[in-house]
Amino acid sequence: MKEKRVVIKVGTNVMTNKDNRIVGPILNELARQIATLYEDGYSPVLVSSGSAIAGMEVLGECKAKDDATRRQIYSSVGQPRMMRHYYSLFHDYGMRCAQILATKRDFTPGKHRENMINCYEGLLAEGIVPIANEDDAVSLTMSMFSDNDELASLVAELIEADALVILTDTDGLYTGHPDDEDSEKLSKVHPDQAVEQYVQASSKGEGEGRGGMKSKLKIAKQTAKKNIPTYIANGKRKNVIVDILNGHDLGTKFYA
């Protein structure tokens, strides 16, 4: 029987507090759930943001004036720090993990894409959790992923995943602002449903990630059209990934 594959994307806003500091217990809960899924027969892939924030925590102010150069510096410093966190956490749960940094070029049909498939298939066959992120140090601005939501969707398609779970800091897609009393959470959305009017504009500071709910909605619809059920859910809720994959009505499900 083919193992079930799930891609889990965790954004910067999930793993940080209001002061933009990375919160260790949230990463630990993420690793715990992935270990649980592995024991339940899943082959999990993690797409993780956080390298820029992790770099900013170490460096503070950066002398570089150019935005792209600052992003490269923060991400280059922060990426090994993120992997150190994950390596330690997964080790505690008896799991092994590996880092895969990619640019958009790597998903172009041809040798680059074939190479990516070989890498993921090899790691999954060994029971190793691939941890993917954009290779910010070398990505060219004109060919960057729009955000890690797009990367997660491409990885899900690449490995023929059975589900994509996009973790954010809200419980899903609402008919208005999540804090408004008259807003209702949408449990299920079909790609043909016009729900874009419900999305609120958001502003993010440097290092806080590029994706907002508008991006998540677009990516979730695109991924669902590829027959990969996609969920937008609250990554700060305990056991949320395991509960969703066990059929609990959490988050917003996008289905074809």
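Annotation for R237: atom CZ does not count as buried by contact number, only 12 or fewer foreign heavy atoms lying within 6.0 Å. Shown here is Y38, whose OH atom has no more than 12 heavy atoms of other residues, nucleotides or ligands within 6.0 Å. Residue H91 places its NE2 atom among 12 or fewer non-hydrogen atoms of other residues, nucleotides or ligands, all under 6.0 Å distant. Remark: Y87 OH is loosely packed, at most 12 non-hydrogen atoms of other residues, nucleotides or ligands lying under 6.0 Å away.
Side-chain atoms of Y74 and S51 form no donor-acceptor pair, as typed in the model, at a separation below 3.5 Å. N148 and S49 form a side-chain donor-acceptor contact under 3.5 Å, judged by distance and modelled atom types alone. Looking only at atom types and distance, the side chain of S153 has a donor-acceptor partner in the side chain of T223 under 3.5 Å away.
When side chains are defined from C-beta on, I159 counts as touching V7, because their heavy atoms get closer than 4.5 Å. At a threshold of 4.5 Å between non-hydrogen side-chain atoms, the residues R81 and V58 count as touching. T175 places a side-chain heavy atom less than 4.5 Å from the side chain of E184. In this structure, the side chains of K236 and I26 come closer than 4.5 Å at one or more pairs of heavy atoms. Within the 4.5 Å cutoff, the side chain of I241 has heavy atoms near those of the L167 side chain. Between L30 and V10, some side-chain heavy-atom pair lies under the 4.5 Å cut-off. Taking 4.5 Å as the limit, some side-chain heavy atom of T230 sits within range of a side-chain heavy atom of I166.
Formation of a donor-acceptor pair under 3.5 Å by the N17 side chain with backbone atoms of D19 is found in this model. Of the possible donor and acceptor atoms, none in the side chain of S76 sits under 3.5 Å from a partner among the backbone N and O of I73. When atom types are taken as modelled, the side chain of D106 and the backbone of T103 share a donor-acceptor pair closer than 3.5 angstrom. Side chain of N239 to main chain of V242: no donor-acceptor pair is present (N/O by atom type, distance under 3.5 Å, no hydrogens or angles). Counting only distance, with no hydrogens or angles, the side chain of Q33 and the backbone of V240 share a donor-acceptor pair below 3.5 Å.
Hydrophobic clustering (side-chain heavy atoms under 4.5 Å, transitive across Ile, Leu, Val, Met, Phe, Trp, Tyr) keeps L101 apart from F90. The hydrophobic clustering, which links ILVMFWY residues whose side-chain heavy atoms are closer than 4.5 Å, places L158 and F145 together. A chain of hydrophobic side-chain contacts below 4.5 Å, direct or via other Ile, Leu, Val, Met, Phe, Trp or Tyr residues, connects M213 to Y198. The hydrophobic cluster containing V195 does not contain Y174, counting ILVMFWY residues as joined when their side-chain heavy atoms lie under 4.5 angstrom apart, directly or transitively.
Not counting sequence neighbours, the partners of I128 by the side-chain contact (heavy atoms from CB on, under 4.5 Å) test are R96, A98, L123, E126.
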* Please walk me through it: do E196 and K221 pass salt bridge (Lys or Arg N to Asp or Glu O under 4.0 Å)? -> CA-CA 11 Å; E196 282 72 16; K221 281 189 167 188; 2.8 Å; yes
* **Residue pair Y86, L46: steps toward the side chain to side chain contact (heavy atoms under 4.5 Å, CB included) verdict** => CA-CA 10 Å; Y86 284 128; L46 176 62; 3.7 Å; yes
* Working for side chain to side chain contact (heavy atoms under 4.5 Å, CB included), residues I8 and Y42 -> CA-CA 12 Å; I8 300 152; Y42 279 91; over 6 Å; no
* To do: Quick one: do T36 and Y93 satisfy side chain to side chain contact (heavy atoms under 4.5 Å, CB included)? Show the steps, please.
  => CA-CA 9 Å; T36 298; Y93 288 102; over 6 Å; no
* **Check against salt bridge (Lys or Arg N to Asp or Glu O under 4.0 Å), K218 and E150** => CA-CA 9 Å; K218 176 183 176 183; E150 182 184 16; over 6 Å; no
* To do: Mind running side chain to side chain contact (heavy atoms under 4.5 Å, CB included) on T252 and S187 for me, showing each step along the way?
  => CA-CA 5 Å; T252 300; S187 293; over 6 Å; no
* Given D147 and S215, is the side-chain hydrogen bond (donor to acceptor under 3.5 Å, both in side chains) satisfied, shown in steps? -> CA-CA 8 Å; D147 47 50; S215 164; 2.4 Å; yes
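Ion pairing between E121 and R5 holds under the 4.0 Å rule for side-chain N and carboxylate O. Salt bridge K111/E114: absent, no basic N to carboxylate O contact under 4.0 Å. Taking the charged nitrogens against the carboxylate oxygens, K216 and D149 do have a contact shorter than 4.0 Å, which makes a salt bridge.
When all heavy atoms of C62 and R70 are compared, the pair lying nearest together is SG-CG, 3.8 Å. Minimum heavy-atom separation, L89 to A31: CB-CB, 4.0 Å. Nearest heavy atoms, E3 versus G41: CB-O, 3.9 Å. Of all non-hydrogen atoms in P130 and L124, the two that sit nearest each other are CD-CD2, 3.8 Å. Minimum interatomic distance between G50 and I22 (heavy atoms only, all atoms of both residues): O-CD1, 4.2 Å. Of all non-hydrogen atoms in K185 and D171, the two that sit nearest each other are CD-O, 3.3 Å.
Between the CG atom of L37 and the OG atom of S43 there is a distance of 10.5 Å, given to the nearest 0.5 Å. Atoms CG and NZ, from D249 and K188 in turn, are 7.5 Å apart once rounded to the nearest 0.5 Å. The OG1 atom of T168 lies 7.0 Å from the NZ atom of K9; values are rounded to the nearest 0.5 Å. Interatomic distance, Q222 CD to E157 CD, rounded to the nearest 0.5 Å: 10.0 Å. For the atom pair CG of N133 and CE of M83, the computed distance is 10.0 Å after rounding to the nearest 0.5 Å. S75 OG to M82 CE: the interatomic distance, rounded to the nearest 0.5 Å, is 11.0 Å.
A centroid separation of less than 6.0 Å is found between the aromatic rings of H190 and Y255.
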